[in-house]
Protein chains: 2
Amino acid sequence: MDVAGATRDRIRDEAIVLFSDRGYATTSLREIADRVGITKASLYYHFPSKQDLLVAIVRPLLTQWRDVVTDAESGPHTPADVRRILRRCVDTMLAHRAVAGLFLRDTAGILPALAPLVGDLVETNSRLRDWLAGPTPSAIARIRAVAVLELLRAALTAGATLGDVPDDLVRRTLLESAELVLAGREEGA
Amino acid sequence: MDVAGATRDRIRDEAIVLFSDRGYATTSLREIADRVGITKASLYYHFPSKQDLLVAIVRPLLTQWRDVVTDAESGPHTPADVRRILRRCVDTMLAHRAVAGLFLRDTAGILPALAPLVGDLVETNSRLRDWLAGPTPSAIARIRAVAVLELLRAALTAGATLGDVPDDLVRRTLLESAELVLAGREEGA
DNA sequence: GTCTATATTCAGATAGAC
DNA sequence: GTCTATCTGAATATAGAC
């Protein structure tokens, strides 16, 4: 009664956990195979190399992330648009929570193995940053855009560090914070 | 005319760059030795193991970080205190910029090798988060504290991604943003 | 303090039987 | 699809001469 690709998915899931827990480089294919209950050789039947396994893990997130940015650039930059895009950013991170966490926790370890995709990713993030900063941005606006993208990471870490807070409260609080940062200090206080 | 410890320092510096560029696990001691212009065996004269090298690299930052948090807990939680502590956090990150960057970029790769220090670090960060959230914090206040700590990372990434912005502008902008996030949306708009 | 070996271990990857 | 068995290379680490 095995669905096609069941083993493949189990490999993927265990690999995500191990990679993000102990790092991509330090995790051996033997460990992954052991957890799944198969041998290294069987693993190689499903993924031709360790790098291919990583790429398969990461690609869905990168694809959706790129879609969000493309969407952002296709429209104007009203406050409502900014809010909509920020929300989609957070939702994308939460939808691919485990993979996004791997990205945040093992950046240096992963990027070399993702060399073929890294150019696209860097460009995507750069375009998102530029869009968030708005048309003809000041230096301060550009710093704020960087700060907002860092801030959104809390969508992934808040649950882990705080324990019990519900996703929805995290999302609302972070979106509000992001908007405050982008708007900056109001004049006249 | 060699100052005592000159080779040791050069090893440390090259290791920081390589570790944070390609990850701790993937960087071999041979690569480090090659860059310094010595052999692996000589490197082992200065550091008894790869792990000891990493600990020597990381400890100064952790010590100072702990000092900041201890200082925070020893005083009250007025807006002026919060501002002072946030500033010290940013300054600490900037003072140990390269090491802090290594920490952010290779978390998963590094933590297993830092096992003896990790307990302290986790506790320190947890205490800082609690202090920032203030006495008897709401769930939202705790999320905001997490968000602020993520936001401060931009002190390290802003320079790299934006290129030319001066440190001081980054620091001022981030401190202002952090305060806005902690204060939250003002009522009555 | 630095060198040239070398011991040891374990990774990623392949071949071929079942 | 999964197995056993094996190859190959490179890594950390050590011993001992200079």
Side-chain angles (χ1 to χ4, degrees), chain A residues 1-58 102 106 108-117, chain B residues 1-58 102 106 108-117:
Chain A
M1 280 307 182
D2 255 8
V3 182
T7 302
R8 196 175 197 272
D9 288 346
R10 280 168 54 224
I11 294 171
R12 218 188 88 109
D13 291 345
E14 294 289 353
I16 293 175
V17 173
L18 286 171
F19 286 168
S20 110
D21 207 43
R22 341 211 310 217
Y24 170 71
T26 354
T27 302
S28 70
L29 296 180
R30 191 186 51 75
E31 290 176 283
I32 299 170
D34 283 354
R35 287 242 196 164
V36 177
I38 59 177
T39 63
K40 261 193 305 176
S42 299
L43 201 156
Y44 271 97
Y45 172 81
H46 294 280
F47 298 96
S49 76
K50 191 185 186 183
Q51 179 173 356
D52 281 290
L53 170 57
L54 179 64
V55 169
I57 286 173
V58 151
L102 165 58
D106 197 27
I110 271 178
L111 285 187
L114 293 179
L117 307 175
Chain B
M1 283 307 181
D2 253 6
V3 182
T7 303
R8 202 186 139 93
D9 288 347
R10 280 169 55 225
I11 294 171
R12 217 187 90 108
D13 292 344
E14 294 290 351
I16 292 174
V17 173
L18 286 172
F19 286 166
S20 107
D21 207 42
R22 344 214 304 224
Y24 170 71
T26 350
T27 302
S28 71
L29 296 180
R30 191 186 52 73
E31 290 176 283
I32 298 171
D34 283 354
R35 286 241 197 163
V36 177
I38 59 177
T39 63
K40 260 192 305 176
S42 300
L43 203 156
Y44 270 97
Y45 172 81
H46 294 280
F47 298 94
S49 76
K50 191 185 186 185
Q51 181 174 354
D52 283 288
L53 170 58
L54 178 64
V55 169
I57 286 173
V58 152
L102 165 59
D106 197 27
I110 271 178
L111 285 188
L114 293 179
L117 307 176

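In the text below, chain A, chain B and the rest are named by the order of the sequence lines, each starting its count at 1. What you are looking at is a predicted structure, and each value in this text was computed from that prediction instead of being measured.
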Can you tell me how far [atom2] of [Y] sits from [atom1] of [X], rounded to the nearest 0.5 angstrom?
X: Thr27(A); Y: Leu54(A); atom1: OG1; atom2: CG; value: 10.5 Å
X: Asp106(A); Y: Ile110(B); atom1: CG; atom2: CD1; value: 10.0 Å
X: Asp21(A); Y: Ile16(A); atom1: CG; atom2: CD1; value: 13.0 Å

Helical bend (five base pairs per end, nearest 10°) for the helix from dG1(C)-dC18(D) to dC18(C)-dG1(D): 10°
List, one per line, each side-chain donor-acceptor pair under 3.5 Å for residues 42-49 of chain B, sequence neighbours excluded.
from	atom 1	to	atom 2	distance (Å)
Ser42(B)	OG	Thr39(B)	OG1	3.3
Ser49(B)	OG	Gln51(B)	N	3.3
Ser49(B)	OG	Asp52(B)	N	3.1
Ser49(B)	OG	Asp52(B)	OD2	2.8

With Val36(A), the side chain to side chain contact (heavy atoms under 4.5 Å, CB included) member among Arg12(A), Glu14(A), Arg8(A):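 Among Arg12(A), Glu14(A), Arg8(A), the one meeting side chain to side chain contact (heavy atoms under 4.5 Å, CB included) with Val36(A) is Glu14(A).
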For Ala15(A), which residues count as a side chain to side chain contact (heavy atoms under 4.5 Å, CB included) partner, sequence neighbours excluded?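 For Ala15(A) the side chain to side chain contact (heavy atoms under 4.5 Å, CB included) partners, ignoring immediate neighbours, are Phe19(A), Ile32(A), Leu53(A), Ile57(A).
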Which residues share a side chain to side chain contact (heavy atoms under 4.5 Å, CB included) with Thr26(A), sequence neighbours left out: Ala25(B)
Can you check whether Tyr24(B)'s main-chain N or O pairs, donor with acceptor, with Lys50(B)'s side chain at less than 3.5 Å? yes
Do the side chain of Lys40(B) and the main chain of Ser28(B) share a donor and acceptor less than 3.5 angstrom apart? no
How long is the line joining [atom1] of [X] and [atom2] of [N], in whole Å?
X: Ile38(A); N: dA13(C); atom1: CD1; atom2: P; value: 15 Å
X: Phe47(A); N: dT14(C); atom1: CZ; atom2: P; value: 16 Å
X: Leu43(A); N: dA13(C); atom1: CG; atom2: C1'; value: 12 Å
X: Tyr45(A); N: dT2(D); atom1: OH; atom2: P; value: 8 Å
X: Asp34(B); N: dC3(C); atom1: CG; atom2: C1'; value: 14 Å
X: Leu53(A); N: dA11(C); atom1: CG; atom2: P; value: 16 Å

Which pair of heavy atoms, one from Ser20(A) and one from Ala108(B), lies closest together, and at what distance?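 Closest approach of Ser20(A) to Ala108(B): O-CB, 3.8 Å.
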Shortest non-hydrogen contact from Ala113(A) to Pro116(A)?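 Scanning both residues completely, I find the closest heavy atoms to be O-CD, 4.1 Å.
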Nucleotides 4-18 of chain D: protein proximity per nucleotide (B base, S sugar-phosphate only, - neither; heavy atom, under 4.0 Å): B------SBBBB---
Where along residues 12-20 of chain A does a heavy atom come under 4.0 Å from DNA chain D, residue by residue in number order? none
